[in-house]
Amino acid sequence: MLDLKLLRQEMTHVANCLATRGFELNVEEFNQLEATRKSLQVTTENLQAQRNAMSKQIGQAIRQGEESAALKTQVEQISQDLDINKAKLAEIQIQMNHFVMSIPNLPDDSVPVGLREEDNVCVRTWGEPAKFDFTVLDHVELGEKLQGLDFKSAVKISGSRFIVKRGQIAQLNRALTQFMLDLHTQQHGYEEMYVPYLVNQDSLYGTGQLPKFGGDLFHTQPATEEGVGMSLIPTAEVPLTNMVRDTILEADALPIKLTAHTPCFRSEAGSYGKDTRGLIRMHQFEKVELVQIVDPAHSMQALEALTQHAETVLQQLKLPYRVMALCRGDMGNGACKTYDLEVWLPAQGCYREISSCSNMSDFQARRMQARMRVKGEKKPILVHTLNGSGLAVGRTLVAVLENYQQADGTIRIPEVLQPYMQGATHIK
RNA sequence: GGUGAGGUGGCCGAGCGGCUGAAGGCGCUCCCCUGCUAAGGGAGUAUAGGGUUUGUCCCCUAUCGAGGGUUCGAAUCCCUCCCUCACCGCCA
């Protein structure tokens, strides 16, 4: 959510800036809403002030045993007007709120201009794609050959875009998450968290999934008729970031660095036909998430650091990758800057996204009212929030299978994972 | 799920229809005093929105778990919901 004051005062600048990410701000609609809001709010507050003052008079009159009936009828009239105005104002505020909540974040100046994926800029690459002297298999063939990826059972049990992993592959999956969590907690200073997988609506508004992207989520049925159901998390970013919702933090409590391993659930509505083969796009997948809550002055350095933390996972696994700075049009709604990590997949002969690291600046903090106290400042200021995958476990598994495959269809186990596999060196 | 007790400012805790944005205490900030330390005295100390100015000044409104209701007026009364605690039941 953007700063309403900024929106009011720098409308043209904001609109132009948003246009560079492909969002058309309806200036006219906003101005109209704003004008109506202003006049309604002023009259409403004036009426309230009148009512409060006269009610006080009535109180005094009664205490002194004076007549108060005339005053009462006057106030009654005011109250009636007030009710009408209040209702109108509430309606406008709902509209305003929806309007503002639907506006994406302003991109940072350093973000490449462009609207499509092709406009993303490669910042650096790491590692060399290995050369194979045999025909490489993709992870689906490898997984089925090793009887470790069971797509048939998953379809029977749940449907498409689900997976059953078994045996050594299931274990490798577990090894990956253990390895990632250990790395981030022991080397990168994150606190390990265990969080709910079902969250309430406030949390989803806080991190920006709602109101715009409810269709990407799985929602549970309301528990009661009036009650609103909870939703399965699409990423641990939601519970982790919402830890600081409605909180004023002391400066010395920052930065807060949190990590959690959770399943993630996405409806993938609108992605029909995309990545239908294999593990790339699942309704349920696992991720080790990194979240940082920082002083706004340091958020850009924090983004670089957080991206490094995610990169370290790939480096230790010796998986070739590249870092892409997303262009304005390709970034997620709440991000002011995003780096995607793309891992090399030999079977596809291309790099595929395995992590997305974003600085959300104050976009989520404003929605969540997550603030900090600054020395010398009277008012608390909004913190900045960042998040990134460190990494998507399912896709990392794909990368390991494909990059570490051998001519006979077996898989070497990356050295750093072997301690987590009882010292095993291969999956056969 | 049942019964009972509660949810008030950074924290503790009063208030139970108007004089309460909220006593008192703790904490914190500034000042004074005391040669250090301890103690003492004084002042200040919520958040959000708006008006007005762009002067960190002033004014207004809202907020005592959330949402409704009663009333001229609600932290205070009524209803619904959420949460916390205790006991019972059930259960991984």
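Note on naming: letters A, B, ... go to the chains in the order of the sequence lines (proteins, then strands), and numbering restarts at 1 for each one. Note that the coordinates shown come from a computational prediction; the quantities given were computed from them, not determined experimentally.
Out of B/C60, B/G73, B/A48, the shortest distance to the side chain of A/Glu45 is found at B/C60. In the set B/G51, B/A62, B/G18, the nucleotide with an atom closest to the side chain of A/Asn52 is B/A62. The side chain of A/Gln369 has B/A48 as its nearest neighbour among B/C72, B/A48, B/A62. Taking every side-chain heavy atom of A/Ser79 into account, B/G73 is the closest of B/G73, B/G49, B/U61. Distances from the side chain of A/Lys56 to the nucleotides B/C19, B/U47, B/U61 place B/C19 closest. Looking at the side chain of A/Gln48, the nearest of the listed nucleotides B/C72, B/G49, B/A62 is B/A62.
In this structure, A/Ile94 and A/His98 have side chains that are not in contact, with every pair of non-hydrogen atoms separated by 4.5 Å or more. No side-chain heavy atom of A/Met368 sits under 4.5 Å from any side-chain heavy atom of A/Asp246.
Taking 4.0 Å as the cut-off between side-chain N and carboxylate O, A/Lys88 and A/Glu91 do not count as a salt-bridged pair.
Across the strands present, B/G6 finds its partner in B/C83; the criterion is a Watson-Crick or G-U wobble pair with both atom distances under 3.5 angstrom.
Rounding to whole angstrom units, CZ of residue A/Arg51 and P of B/U61 are separated by 10 Å.
Using a 4.0 Å heavy-atom cutoff across all strands shown, A/Thr44 reaches no nucleic acid atom at all.
Position along RNA chain B of the nearest nucleotide to A/Asn46 versus A/Gln93 favours A/Gln93 as the more 5'-ward residue.
Taking the six-membered ring where tryptophan is involved, the planes of A/His309 and A/His188 are essentially parallel, since the angle between them stays under 30° and well short of 60°.
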